[in-house]
Protein chains: 2
Amino acid sequence: MSFDARIRAAIEGDIRSGALRPGDRLPSEHELAAHHGCSRATVSKAMAALHRAGLIERRRKAGSFVADQHVHSAVLEVPDLEQLIAARGHAYRWHCRERRQDGPELHVEGLHFENGTPLAFETRAITVATVPDAAAESFAEVAPGTWLLAHIPWTSARHRILAAGATSVEAEALGVPAGTACLILERSTWRGDAPVTTVRQVFRGDMFDMVAHFEPSPR
Amino acid sequence: MSFDARIRAAIEGDIRSGALRPGDRLPSEHELAAHHGCSRATVSKAMAALHRAGLIERRRKAGSFVADQHVHSAVLEVPDLEQLIAARGHAYRWHCRERRQDGPELHVEGLHFENGTPLAFETRAITVATVPDAAAESFAEVAPGTWLLAHIPWTSARHRILAAGATSVEAEALGVPAGTACLILERSTWRGDAPVTTVRQVFRGDMFDMVAHFEPSPR
DNA sequence: TGGATTATTATGTCTAGACATAATATCGGA
DNA sequence: TCCGATATTATGTCTAGACATAATAATCCA
């Protein structure tokens with residue numbers, strides 16, 4: 001086990017066990033280096049990792065302190081649906097219901113199938129100015145999400161997760177009664193300041209949920 | 001701007017612009033160090049950050065490569081409801097509907113109010129063996145989530161987010177029609193291998209959604 | 001030619017310093 | 001006593017090396 005990992009484990013253990021409580025000051029990096037018999041750079045690396053994990057706060061001159069545990073911040077993986085379904089070992093199919101150019105935006109609407117059953121109804125707008133190649137793509141064969149992943153890198157994204165009853169259009173497309181509770185994922189993606197795409201995916205609630213894990217230990 | 005940040009920005013820019021494509025090999029750390037006029041340790045730090053952000057893969061002997069962009073992994077903040085409502089500047093209140101000891105578990109059921117309106121219906125099980133102090137707590141005044149945050153640190157958590165129609169009990173508690181689409185958050189928390197608590201929160205869909213952001217740039 | 005050994009290479013981790021920076025504590029003067 | 005200048009301290013970033021480790025490439029022998 002590396003010094004780095006050992007120091008992190010020692011401090012995290014002290015925090016978890018309650019030996020160090022939120023607000024407590026940790027020994028200085030010099031002291032920790034002397035105590036663990038390693039250099040300060042190594043201690044600093046461990047402290048940076050603990051800080052990233054949200055376990056400690058670092059303040060110049062003042063020192064490092066055990067952070068308040070206040071938020072569960074979990075890493076949510078939002079995979080491309082084709083990859084998700086493939087990873088489940090199921091058959092994936094995309095069906096495009098509509099594609100129309102609407103001024104500066106290309107609107108695409110369609111369904112994602114898992115083993116022949118509709119899993120999600122997708123409504124998407126693609127900003128053609130940011131993704132000029134999209135104008136030449138029919139999206140009949142390949143889902144726009146999959147195509148975009150391969151054609152343009154994003155720099156930031158915003159996700160919104162909500163629940164709502166299926167509208168009549170969504171319900172008909174998914175083959176469920178209108179008003180059925182559905183998980184909805186809305187995602188907007190940018191490349192720098194330029195908008196790339198905005199997508200709304202309505203999931204059949206009985207076939208999909210989202211899972212997020214939280215492990216404070218940094219890698 | 002530090003060398004670290006400058007190197008990261010340069011490489012990220014090359015990836016975003018398409019100058020470097022997924023699978024491409026980056027220059028070796030020695031070459032990057034020479035090119036940027038800094039030491040290899042600094043380059044290595046920048047590469048570690050890019051790796052954490054999922055932009056590159058690193059393989060010994062082989063070098064570093066631009067990673068495939070395949071998953072949107074976003075950081076989901078799951079705050080304590082009391083803190084969330086306080087942050088919105090609204091009044092928070094907890095109402096305990098039931099508290100009963102059921103073998104090794106303490107079951108608590110209640111409502112979270114925002115400005116006097118029920119926001120979430122909570123059903124929780126606390127493992128008394130892991131949190132012995134909980135046996136002496138009534139949870140009449142303080143919500144179990146808030147209490148647990150202050151009394152026991154967790155080491156890992158698993159979140160599940162789904163949508164479902166409100167059951168008659170949930171609907172009555174929340175004051176919405178039965179079957180109303182609700183966002184549901186289920187969270188299980190452990191301390192090491194010991195289970196701490198499992199909670200299910202049913203949210204009034206019209207008052208709550210979850211937002212997650214994704215910024216690949218490491219801090 | 002095939003397979004095992006050896007050399008090479010790039011990352012992974014670490015050291016023992018250095019200077020920069022920001023926040024606090026202390027002290028001197030008005 | 002209050003205020004401002006100064007000293008101190010802990011983190012933040014960096015250097016120029018070092019050795020470890022793992023994966024590939026080259027080599028040598030059967």
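Note on naming: letters A, B, ... go to the chains in the order of the sequence lines (proteins, then strands), and numbering restarts at 1 for each one.
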Sequence neighbours excluded and cut-off under 3.5 Å, please list the side-chain donor-acceptor pairs for residues 127-135 of chain A, or say none.
residue: Thr127(A); atom: OG1; partner: Pro195(A); partner atom: O; Å: 3.4
residue: Thr130(A); atom: OG1; partner: Pro195(A); partner atom: O; Å: 2.6

Check residues 38-50 of chain B and write down every donor-acceptor pair under 3.5 Å in which the side-chain atom is one partner and the other belongs to a residue at least two apart or another chain.
residue: Ser39(B); atom: OG; partner: Thr42(B); partner atom: OG1; Å: 3.4
residue: Arg40(B); atom: NH1; partner: Glu29(B); partner atom: OE1; Å: 2.7
residue: Ser44(B); atom: OG; partner: Arg58(B); partner atom: NH2; Å: 3.4

inquiry  = Ala62(A): which residues meet the side chain to side chain contact (heavy atoms under 4.5 Å, CB included) condition with it, sequence neighbours left out?
reply    = Arg59(A), Phe65(A)
request  = Could you pull out all residues at least two apart from Arg97(A) that satisfy side chain to side chain contact (heavy atoms under 4.5 Å, CB included)?
outcome  = His95(A), Glu109(A), Leu111(A), Phe121(A), Val169(A), Glu172(A), Ala173(A)
request  = Between protein and nucleotides 11-19 of chain D, map the contacts as a letter string: B base, S sugar-phosphate only, - none, heavy atoms under 4.0 Å, written 5' to 3'.
outcome  = BBBSBB-B-
Glu186(B): partners by salt bridge (charged side-chain N to carboxylate O under 4.0 Å, His left out), with sequence neighbours left out = Arg160(B), Arg200(B)
